[in-house]
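Okay, so here's the structure we're looking at.
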Amino acid sequence: MALVKPISKFGSTTPKLSNPRAPTTKFFTIRMSATTPQPPTTARPPKKAAKQAIKETLLAPRFYTTDFDEMERLFNTQINKNLKQAEFEALLQEFKTDYNQTHFVRSKEFKEAADKLQGPLRQIFVEFLERSCTAEFSGFLLYKELGRRLKKTNPVVAEIFSLMSRDEARHAGFLNKGLSDFNLALDLGFLTKARKYTFFKPKFIFYATYLSEKIGYWRYITIYRHLKANPEYQCYPIFKYFENWCQDENRHGDFFSALMKAQPQFLNDWKAKLWARFFCLSVYVTMYLNDCQRTAFYEGIGLNTKEFDMHVIIETNRTTARIFPAVLDVENPEFKTKLDRMVEINQKLLAVGESLDIPLVKNIKRIPLIAALASELLAAYLMKPIESGSVDYAEFEPQVVY
Ligand SMILES: [Fe+2]
Ligand SMILES: [Fe+2]
């Protein structure tokens, strides 16, 4: 099994996503991770210091790499007879249509709105833009490399990956331009090289990426609909773009759905059911804990964080049930009770981290909390699941869900 890290290969392919305006004295480059907003600095820090500034946490947006050799085998039409090339051809036409080619055009409203955002909300907006940009950029890197690696084996699938990387580069670039309204920019070239890559076998890439695309779709469309109904909370115009934007994420998710259908061995046995539930749980819990640490952002745009998250989880789970062989019973009230207990434990863990205790004492205090968190996770995982999905019946339709 070869572990191919795409890090060094993007030197010439990384798009110019940063703000085209030359840095001025008011313009700063962020070289840290998106997890901890820090005061910007005017001078570029030395390499060592910059690397130290990158903070990886369990809940931070991740960069993924996979076994590209296995991917090539999975998409080889000579080996895998389940690959329905006509279906992928149809999908390719859909991606080539490029519905959002002219969608991401900014207006002067952006800068004016950013200038009006002051105090804690300004800081939390910057963090939202950084985290979203990092997550979109992570998709760009993975899809770009898959597009490159599958070119010989399956040119149609490869081209779809390349077109999806086009979409993600556009999304990341738009968010990075948003940061320029706050006189900031993420240094994406640096991020590409300095960030740690998480290795997932192909089947785990399918589960994780499908879920992240679909949850991304539901997050964006829910925020869009909420702000359309409550325009008084429309404090920054980026949300007005979410309606068309989320259709990109929906199409990406549908493509992964088609990919999984072409790999029935990842969907039709007891192991697949266990992994499907595991990935659902990881994705839902990560989002819930992350968002509950950032309630100021959601409240700032007039949302109740937990209600928003539960809506997104329930809708994502219903969508996911169309393809995954098993999903969690997230509509059982016990599931939310468990999530809320995890939030409480996580808050205690964060308080330990911020206390003035010496590291040894902190670690001792963390042990019972981590054990409690693990036990809640296990209990949520072992709740009676919902049998779902059908490789045979799940019709692929590149449709608009809303
Ligand atoms: Fe995206
Ligand atoms: Fe996407």
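In each ligand, atom 1 is the first atom listed, and ligand 1 is the first ligand listed. Everything numeric here is computed off the predicted structure, so don't read it as measured data.
Residue pairs meeting the side-chain hydrogen bond (donor to acceptor under 3.5 Å, both in side chains) criterion with at least one partner in residues 300-310, sequence neighbours excluded, are K306-D340.
Within the protein, the N, O or S atoms sitting under 2.8 Å from the Fe ion (ligand 2) are E168 OE2, E213 OE1, E213 OE2, E249 OE1, H252 ND1.
Between the CZ atom in F206 and the CZ atom in F324 there is a gap of 11.5 Å [rounded to 0.5 Å].
Considering K214, M164, K261 in turn, M164 is the only one that fulfils the side-chain contact (heavy atoms from CB on, under 4.5 Å) rule with F256.
Taking the centre of each ring, F278 and Y207 stay at or above the 6.0 Å mark.
Here the side chains of R170 and D98 are in contact, with some heavy-atom distance below 4.5 Å.
Counting heavy-atom neighbours within 6.0 Å of K152 NZ, excluding the residue itself, gives a total of 12 or less.
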